[in-house]
Amino acid sequence: MVAFNIVKFKVKSGQDEAFLEAHRHGKANWPGLVRCNIVKLGDRSYCLIGEWPDMETMAAARPNMIATLDTFRAVLDDLGDGRGVTDASSGEVVLMVR
């Protein structure tokens, strides 16, 4: 069943382009990824939405996702409340509307 991962980030002041560049041109090499979109939520705030064929494929790609995160972790602000620099969730699709 199709799965999505959603990750919120807050970028340090002046680091928006570095954050986006870390994901361009295949730098986010995540085996099995169907598509990935990054949405700007507001000033320095972003949300990455990844689509996967299933939860197992997404779980197998986690080491690659963490490796990508490690390349730009320094440009992220801590989100507070013990979350660190990412606020991640994932799950299977239960309703798809077209």
Side-chain angles (χ1 to χ4, degrees):
M1 181 171 283
V2 174
F4 283 86
N5 69 313
I6 300 97
V7 186
K8 290 175 78 176
F9 305 92
K10 185 165 185 177
V11 178
K12 291 179 180 176
S13 182
Q15 296 298 314
D16 296 72
E17 189 55 34
F19 168 74
L20 295 172
E21 184 60 30
H23 297 89
R24 285 192 178 111
H25 311 297
K27 291 180 182 175
N29 181 21
W30 305 337
L33 179 69
V34 174
R35 104 189 64 214
C36 178
N37 293 285
I38 296 178
V39 179
K40 186 166 187 170
L41 302 174
D43 185 40
R44 301 176 21 232
S45 180
Y46 294 88
C47 180
L48 178 148
I49 303 167
E51 180 179 347
W52 304 86
D54 51 55
M55 290 294 289
E56 293 77 19
T57 302
M58 182 183 61
R62 267 197 198 107
N64 297 72
M65 289 187 274
I66 293 167
T68 301
L69 172 62
D70 288 342
T71 70
F72 67 89
R73 189 182 295 271
V75 306
L76 300 176
D77 269 339
D78 190 291
L79 296 171
D81 298 323
R83 292 177 290 173
V85 296
T86 64
D87 185 5
S89 297
S90 60
E92 293 180 327
V93 172
V94 295
L95 175 67
M96 188 175 287
V97 180
R98 297 197 187 263

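Computation of the quantities below employed the complete heavy-atom set of this structure, encompassing side-chain atoms and omitting hydrogens, waters and symmetry-equivalent molecules.
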Out of D78, L76, V85, D77, which one pairs with K12 under the side-chain contact (heavy atoms from CB on, under 4.5 Å) rule? D77

When clusters are formed by joining ILVMFWY residues with side-chain heavy atoms under 4.5 Å apart, either directly or through shared neighbours, do I49 and M96 land in the same one? yes

Are L69 and L79 co-members of a hydrophobic cluster defined by side-chain heavy atoms under 4.5 Å apart? no

Can you tell me how far the [atom1] atom of [X] sits from the [atom2] atom of [Y], to the nearest 0.5 Å?
X: E92; Y: M58; atom1: CD; atom2: CE; value: 8.5 Å
X: D16; Y: F9; atom1: CG; atom2: CZ; value: 13.0 Å
X: C47; Y: I38; atom1: SG; atom2: CD1; value: 9.5 Å
X: M55; Y: T57; atom1: CE; atom2: OG1; value: 10.5 Å

Using modelled atom types and a 3.5 Å cut-off, is there a donor and acceptor pairing between side-chain atoms of R44 and backbone atoms of K10? no

Determine whether a donor-acceptor pair (N or O, by modelled atom type, separation under 3.5 Å) exists between the side chain of D54 and the backbone of E56. yes

Looking only at heavy atoms, what is the nearest atom pair of [X] and [Y], with distance?
X: A59; Y: P63; result: O-CD, 4.1 Å
X: P53; Y: G32; result: CD-O, 3.2 Å
X: S90; Y: R62; result: OG-NH2, 4.1 Å
X: A61; Y: P31; result: CB-O, 3.7 Å
X: T68; Y: T71; result: O-OG1, 2.6 Å
X: W52; Y: L33; result: CZ3-N, 3.4 Å

Steps toward side chain to side chain contact (heavy atoms under 4.5 Å, CB included) verdict (V7, M65): CA-CA 11 Å; V7 186; M65 289 187 274; over 6 Å; no

Please tell me if the side chains of Y46 and L20 come closer than 4.5 Å, counting only heavy atoms from C-beta onward. yes

Applying side chain to side chain contact (heavy atoms under 4.5 Å, CB included), run through C36 and W30 and close with a yes or a no. CA-CA 10 Å; C36 178; W30 305 337; 4.1 Å; yes

Compute the ring centroids of F72 and F19, then answer whether they are less than 6.0 Å apart. yes

